[in-house]
Amino acid sequence: MSYSYFSDAYAEPSRQQYPPPNYLPPNPQHFSDHPGRYNSNDRARAWTSAGRGSTTAGRFGGRSTGRGFEHTNARNPNQNYSQNYNQKVQNPNQYQTISERFTKLKLAEEENATTGINFDAYEDIPVEITGTDVPKPVNTFAEIDLGEVLNDNIKNRCKYVKPTPIQRHAIPVALAGRDLMACAQTGSGKTAAFCFPIISGVLKTTSSAPVYGRREMVAYPLALVLSPTRELCCQIFEEAKKFCFETGVKVAVAYGGAPVYPQLKSLERGVDILVATPGRLTDLIERSRISLAKIKYLALDEADRMLDMGFEPQIRKIVERLDMPSRGSRQTMLFSATFPTEIQRLASDFLKDYIFLSVGRVGSSTDLIQQKVVFVEDSEKRDYLRNLLHDEKAKGNLGKNALTLVFVETKRSADSLENWLCRIGFPAAAIHGDKVQFERERALRSFKNGVTPILVATDVASRGLDIPRVAHVINFDLPRDIDSYVHRIGRTGRAGKSGLATAFFNDKNSSIAKAISELMKEANQDAPDWLNQYAESHSSSNDYRHGSSKFGGRDFRSGNGNNADDGGNADYRGTSNSYYDYAPSPVAAEFSTSNYGGGGGGGGYESVVASGWE
DNA sequence: AAAAAAG
């Protein structure tokens, strides 16, 4: 297996001026045995056999960010995962090389092709659960009482053989009626993780028919699922509909950019579960077409994005100022791949006595994704991209079954890059927020079905979208925050498949050099020396996005352990269970319990977090 | 200084 576009590229005269020679990756051999992308038919086959199309929403695969475990580690040096983590840091050589792991997983992918999910990728997955009275995880769907019809859908229609790690832990928590903050990469089965308990709960409730006022109806959904983009909203809706098949549970969708009337018609037919984006939802509430008064379940997908600056007021309005029942009288579940501390703090306003769950690999958010960073000046990016795409194409890594997703910074550059790519013979589509909804959906469709194997996108496509067969994510422009980077590269390497992520880096990106470098290290991949140098000379930022290890992956409530005895935070004291999932011995026996709220225990936490709580 | 989300 040869993977050599680096050497090829550098041999070209047109590119010899950059990157400067000293920016060359120190060890070209590192790239010489790239394991290649998955045989992209795997998924297609899997889905065909399951009788599904390829547009199904994310439910499998992926890893979550394991960041933050190191803090726990500092505090509990005796725990299993901590030891493991230490070993990793101190002696990386004792571990299999990336390519060995890739090869192993590649083989496993093929074996697992029929189930559509590569469970071997979840070996030894670390799990952290904090909160009071944590319900025990389950190992099979059979152990969960979801109701007969739903069980049948899961088993016979969706062909789910066993729950993914996030599902194993989140479903029991949700069924116990507990609020939940869950950290796991999109595509790891989060949609199902919150849909199953909601559907099951709705089945036990009397459906509420729309109430007719003097003239028009008002819909009273029992469950609300919010998503930050329209496309993700559609994806969740499709997924939920499938789960609800023949259960009698009614799902409806409401998002902007599309005609209101059909959405209203479907609301009129009654709705149990409403999947929506914030704008259209608020609009419909204010027009008194929807009331949230009967909401029993609230789920926020990509919750950290939803609570991000600029978005948060809208969400807060929906959750706190409109007619939504207060926390405690509804069940709230937040899901995301990244959960920065600041966001956790905001989110805790929506939750009551919640359980924090983090499922991911220690020290690696992305170990199935081979990350590469190359130094490319802005003015040379197009040339570089052209050569890169030519090489990938020559190797069969670009085409109908090996899609390439190119992220750019602005809507304008998305259009212009799309145009240029088409002109130079690479069929491409573009998606961004200035296109009308129809164009957005058309672009996504032509990408998914391989008509345009290249999609140029802004961050509208960075989160949650489950696009099978994405073999390569190119960060043509790096994002300004590392969370976005994590989400973007998470569009590949899904369902336990391997993937490649290439980033074009230059001076303008120095603020996230450190974060990328750390992310790569934690994924056991070698960041180039020049990147590490950037990381060192630009390590000052206190911004949580640029700082180190603040993705979440760890319950921010744990940070105030030292104050537990003052009584003020008693509500937040909980038990933490950290252990390896898919361990050889029964999971229950693997629980190693420690009390994070017990005070003392050696601090070592980000002071930012602790002081924030005072 | 960007993107997203209502029309």
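In the text below, chain A, chain B and the rest are named by the order of the sequence lines, each starting its count at 1.
Note on residues 498-518 of chain A: pairs passing ring pair (Phe, Tyr, Trp, His ring centres under 6.0 Å), not counting sequence neighbours, are A:Y384-A:F504, A:F476-A:F504, A:F505-A:W530, A:F505-A:Y534.
Evaluation of atom-type donor-acceptor distances gives no pair under 3.5 Å for the side chain of A:R230 against the base of B:dA5.
Separating the CD atom of A:E409 from the P atom of B:dA3 is a distance of 7 Å, rounded to the nearest angstrom. Distance CG (A:D459) to C1' (B:dA3): 6 Å, rounded to an integer number of Å. The CD atom of A:E312 sits 22 Å away from the P atom of B:dA3 (whole-angstrom rounding). Computed from coordinates, the A:M309 CE to B:dA4 P distance equals 16 Å when rounded to whole Å. We find that CZ of A:F476 is positioned 16 Å from C1' of B:dA2, with the value rounded to whole Å. The nearest whole Å value for the distance from the CZ atom in A:F407 to the P atom in B:dA4 is 12 Å. The nearest whole Å value for the distance from the CZ atom in A:R412 to the P atom in B:dA1 is 15 Å.
In this structure, of B:dA2, B:dA3, B:dA5, it is B:dA3 that holds the atom nearest to the side chain of A:T458. Closest to the A:T410 side chain, of the nucleotides B:dA6, B:dA4, B:dA2, is B:dA2. If you check B:dA4, B:dA5, B:dA1 against the side chain of A:K411, the one that comes closest is B:dA4.
Contact check on A:K508 versus A:D378 returns a salt bridge, with a Lys/Arg side-chain nitrogen under 4.0 Å from an Asp/Glu carboxylate oxygen.
For A:R440 and B:dA5, the shortest distance from a side-chain N or O to OP1 or OP2 is below 4.0 Å. For B:dA3, neither phosphate oxygen OP1 nor OP2 lies less than 4.0 angstrom from any side-chain nitrogen or oxygen of A:S462.
Within the nucleic acid shown, A:Q314 comes within 4.0 Å of at least one base atom, counting heavy atoms only.
Here A:F311 pairs with nothing under the ring-ring contact (aromatic ring centres under 6.0 Å, His included) rule; sequence neighbours left out.
In this structure, CE in A:M181 is found 11.5 Å from CZ in A:F335, a value given to the nearest 0.5 Å.
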